Amino acid sequence: MSADRHHDPGNTRGQSGMPAPRPAVGEPAARTTGPRERPDDAPTARWRRGALATYFVALMVTDFLMLTGTARVVLTLLAGVIAVLLFAAAAFGAVRRRAAGAGRGWEKLAYLPVLDAVAQVAVTGQLHHTTMLLITLLGIGGAVPERRTAVRAGALGITGWVVAVASQEQLRTPELGFYAGQLVMAGLLGCILHEATRRRQRDLQVARDQVATVLQRFEKLFHASPAGVGIADEHGVFVAVNPAFCELVGMPADELVGASSHAYVDPAAEIDPVGRQLRCVRPDGEIRWAWLTVGRTEVPDSADAKEWMLVHLHDITDRHLAERAVRESDRLLAAVSAASRRIRTGEDARDTIITAINELAESDFITLLEPEPYDLVVTGGVGAQVLGTRVPKDGTSMIANVYRTCEPVFLADPADDPRVSPQLIKLVKGRSMLWQPVIVAGETVAILVVGWRQRVTSVSDVRARAVALLADETALALDHERLLRRLEQMAYTDTLTGLSNRRAWQSRLTEQFGAALADERPLVVAIIDLDHFKRYNDTHGHLAGDDLLIAAAGAFRGELRAGDLIARWGGEEFVVALPDCGDADAVVILDRLRTATPGAETCSIGYAVWTGAETYEQLLERADSALYAAKSAGRNLVRGALTPAVTPYKIGV
């Protein structure tokens with residue numbers, strides 16, 4: 001089949017060979033390699049200056065309306081000048097953001113609000129205007145990123161207030177001590193607020209750097225991939241192709257990007273997870289063969305969902321030609337190819353490969369051993385009842401030796417070798433044996449033990465090649481299976497606590513609903529919320545908060561029954577499903593969870609008993625309302641929801 005390609009001249013997409021978001025990949029990467037931007041250069045700094053300028057405009061109007069005489073003129077003009085300077089900083093700060101030290105000049109504007117607040121006291125001669133200075137100190141603590149400037153501005157404000165009080169007799173009233181104490185407290189609170197803001201900015205910068213690094217690595221991997229990769233949007237139009245894709249189809253990126261992918265993927269056909277062979281005719285007439293696999297993004301249940309495709313082309317021209325040349329004359333390669341196809345269909349890799357080796361090597365028994373922390377365990381085999389047998393990794397057996405050396409060993413007479421266990425030979429009734437390591441990335445991930453009950457003088461090329469080739473297939477299959485298990489675990493497990501995540505919860509709760517409805521059994525759903533978790537985070541730090549979440553998850557899980565379900569709902573919230581559990585039993589179980597909260601921390605729990613006549617969302621909403629009631633009643637409580645009156649509900653309707 002020829003892959004015909006048509007370029008759409010009316011398409012307005014870029015011709016760079018990367019999708020539209022690509023510039024965003026390079027931009028963060030530049031920040032990770034060059035000097036970091038100062039906090040004052042961030043867009044948030046412009047917003048802070050503009051907001052503060054607006055505040056001083058309002059202050060200027062207030063001073064003009066509420067003050068009289070000289071105080072009105074001086075303070076109104078001062079507030080107006082400060083507002084103008086802050087507006088200028090907001091408007092022109094970004095223009096100079098890349099200039100060396102540009103942020104330092106604008107930082108000095110923090111002194112102006114302090115001067116205005118001190119002037120309120122000094123010019124009016126009224127001590128109650130100290131309140132303005134209190135507010136200003138708090139504002140500087142949260143709005144000024146540079147520590148030195150914030151400290152100097154705060155010190156300037158307090159010093160100016162002391163000088164004003166010392167120089168004016170009418171300010172030394174009985175309330176002076178009260179305002180002095182409030183001023184000290186405001187300064188301390190401003191310092192705390194300033195440090196919290198700086199830490200938050202630092203955490204955000206670290207997160208941005210990490211995201212930039214991930215994006216940069218993805219772009220490098222995309223371009224460096226030896227297999228052809230193309231990304232198509234929801235309309236089937238290529239938005240990015242890597243150099244290997246261009247090389248395989250013989251077209252430059254600027255012609256492929258913006259062109260339809262329908263020459264490679266039939267939009268009306270279902271995606272085949274195994275893939276298929278594709279015949280590509282290059283513009284110069286050369287024919288190349290590729291293995292085509294297509295992946296699609298999952299489409300959520302929404303009308304405006306967009307589905308993107310990943311088109312993967314692996315050049316198999318050489319393999320195709322070799323297979324065609326030996327297809328009818330070489331039974332071994334034909335069998336290996338058949339085994340490969342069976343593996344790709346999703347069948348059990350172990351049984352498929354063991355059966356293929358047994359046929360091609362004409363052996364009497366085969367066992368497959370896979371490593372565990374201390375032993376090699378038989379996980380599959382034919383011709384010998386040894387499933388589950390364990391062999392120590394650090395032993396002196398032939399299996400352990402091959403595992404450590406990663407080198408295959410054939411023995412025509414294994415009984416004469418002290419490294420071969422006599423018990424093993426007796427158990428499998430082996431006369432000649434071959435030990436073949438299964439290697440992935442230089443590491444042995446399994447051992448294939450092939451045996452014959454009749455003496456075999458030597459392993460012929462055909463047999464050796466069969467075992468070696470299928471050992472490679474075993475390596476690929478085991479590595480693929482391990483990757484799938486890891487991806488599945490990541491998809492359904494919360495990475496911090498190890499509990500089920502929201503996706504797994506929704507899937508399993510649907511099953512619980514169906515079982516409860518079919519057997520007419522009660523079902524309880526509860527929501528657990530750690531009390532004052534934000535305060536705990538602010539006091540002890542985010543790492544301590546993560547440790548608390550992990551400890552709480554383990555404690556809660558330990559108090560549940562075997563069939564109960566717990567998941568992390570998000571943040572400091574957990575959800576629990578108690579099947580076959582009524583109201584009274586639920587209170588006992590949930591109160592155990594409440595008292596199991598680690599350390600001196602507490603939690604609040606709201607639960608609802610399913611009536612059999614409400615939806616999943618309604619049940620959770622009632623549990624959430626009960627949680628709110630527990631919080632309102634003082635926290636560290638378990639509260640049940642009232643039974644609603646709803647229309648009957650059926651699973652799947």
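Please read all numbers here as calculations on a predicted model, not as lab measurements. Numbering starts at 1 and runs along the sequence shown.
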Peer 1: Can you see which heavy atom on Phe222 is nearest to which on Ala240, and at what distance?
Peer 2: CZ-CB, 4.0 Å

Peer 1: Grab the two heavy atoms, one from Asn501 and one from Thr493, that are nearest each other, plus how far apart they are.
Peer 2: ND2-N, 3.5 Å

Peer 1: Taking only residues two or more places apart in sequence, or in another chain, which ones meet Lys393 in a side-chain contact (heavy atoms from CB on, under 4.5 Å)?
Peer 2: Pro371, Leu376, Tyr403

Peer 1: Check whether Trp569 forms a cation-pi arrangement with Arg502 (NZ or CZ under 6.0 Å from the six-membered ring centre, at most 45° off the ring normal).
Peer 2: yes

Peer 1: Let's go through Phe238 and Val311 carefully: what are the C-alpha distance in whole Å and the side-chain angles of both, what is the deciding distance for side-chain contact (heavy atoms from CB on, under 4.5 Å) to 0.1 Å, and is it a yes or a no?
Peer 2: CA-CA 9 Å; Phe238 280 123; Val311 181; 4.2 Å; yes

Peer 1: Closer than 4.0 angstrom, basic N to acidic O: yes or no for Glu286 and Arg288?
Peer 2: yes

Peer 1: So do Trp289 and Asp315 actually touch side chain to side chain, heavy atoms under 4.5 Å?
Peer 2: no

Peer 1: Of all the heavy-atom pairs spanning Glu601 and Thr597, show the shortest one and how long it is.
Peer 2: O-CG2, 3.3 Å

Peer 1: Should the heavy atoms of other residues, nucleotides or ligands under 6.0 Å from CD of Gln506 be counted, would the total exceed 12?
Peer 2: yes

Peer 1: So which atom in Asn242 and which in Ala227 form the shortest heavy-atom distance, rounded to 0.1 Å?
Peer 2: ND2-O, 2.9 Å

Peer 1: Please check if the distance between the ring centroids of Tyr264 and Phe245 is under 6.0 Å.
Peer 2: yes

Peer 1: Quick one, Trp435 and Ile399 - any side-chain contact, counting heavy atoms below 4.5 Å?
Peer 2: yes

Peer 1: Are the charged groups of Asp413 and Arg431 less than 4.0 angstrom apart, N to O?
Peer 2: yes

Peer 1: Can you tell me if CZ on Arg508 sees more than 12 non-hydrogen neighbours from other groups inside 6.0 Å?
Peer 2: no

Peer 1: How close do Asp564 and Pro579 get, counting heavy atoms only, and between which atoms?
Peer 2: OD1-CD, 3.4 Å

Peer 1: Under a 4.5 Å cut-off applied to non-hydrogen side-chain atoms, are Leu369 and Val391 in contact?
Peer 2: yes

Peer 1: Can you sort out the partners of Pro437 under side-chain contact (heavy atoms from CB on, under 4.5 Å), two or more places apart, ordered by chain and number?
Peer 2: Val402, Pro408, Ile439, Thr444, Ile447

Peer 1: Would you indicate whether Arg455, at its atom CZ, is surrounded by more than 12 heavy atoms from other residues, nucleotides or ligands within a distance under 6.0 Å?
Peer 2: yes

Peer 1: Between Leu549 and Glu572, what is the shortest heavy-atom contact and its length?
Peer 2: CD2-CA, 3.9 Å

Peer 1: Evaluate the criterion side-chain contact (heavy atoms from CB on, under 4.5 Å) for residue pair Phe365 and Val382; output intermediate values, then yes/no.
Peer 2: CA-CA 5 Å; Phe365 64 86; Val382 292; 6.0 Å; no

Peer 1: Under the side-chain contact (heavy atoms from CB on, under 4.5 Å) criterion, do Gln385 and Leu427 qualify, and how do the steps go?
Peer 2: CA-CA 8 Å; Gln385 302 299 321; Leu427 182 63; over 6 Å; no

Peer 1: Give a yes-or-no answer on whether the side chains of Arg208 and Gln205 include a donor-acceptor pair shorter than 3.5 Å.
Peer 2: yes

Peer 1: Taking the six-membered ring for Trp, are Tyr536 and His540 parallel (under 30°), tilted (30 to 60°) or perpendicular (over 60°)?
Peer 2: tilted

Peer 1: Taking the side chain as every heavy atom from C-beta outward, state whether Leu496 and Arg568 have any pair of such atoms under 4.5 Å apart.
Peer 2: yes

Peer 1: Pair Leu411, Met433 - check side-chain contact (heavy atoms from CB on, under 4.5 Å), show working.
Peer 2: CA-CA 6 Å; Leu411 294 177; Met433 300 176 67; 5.7 Å; no

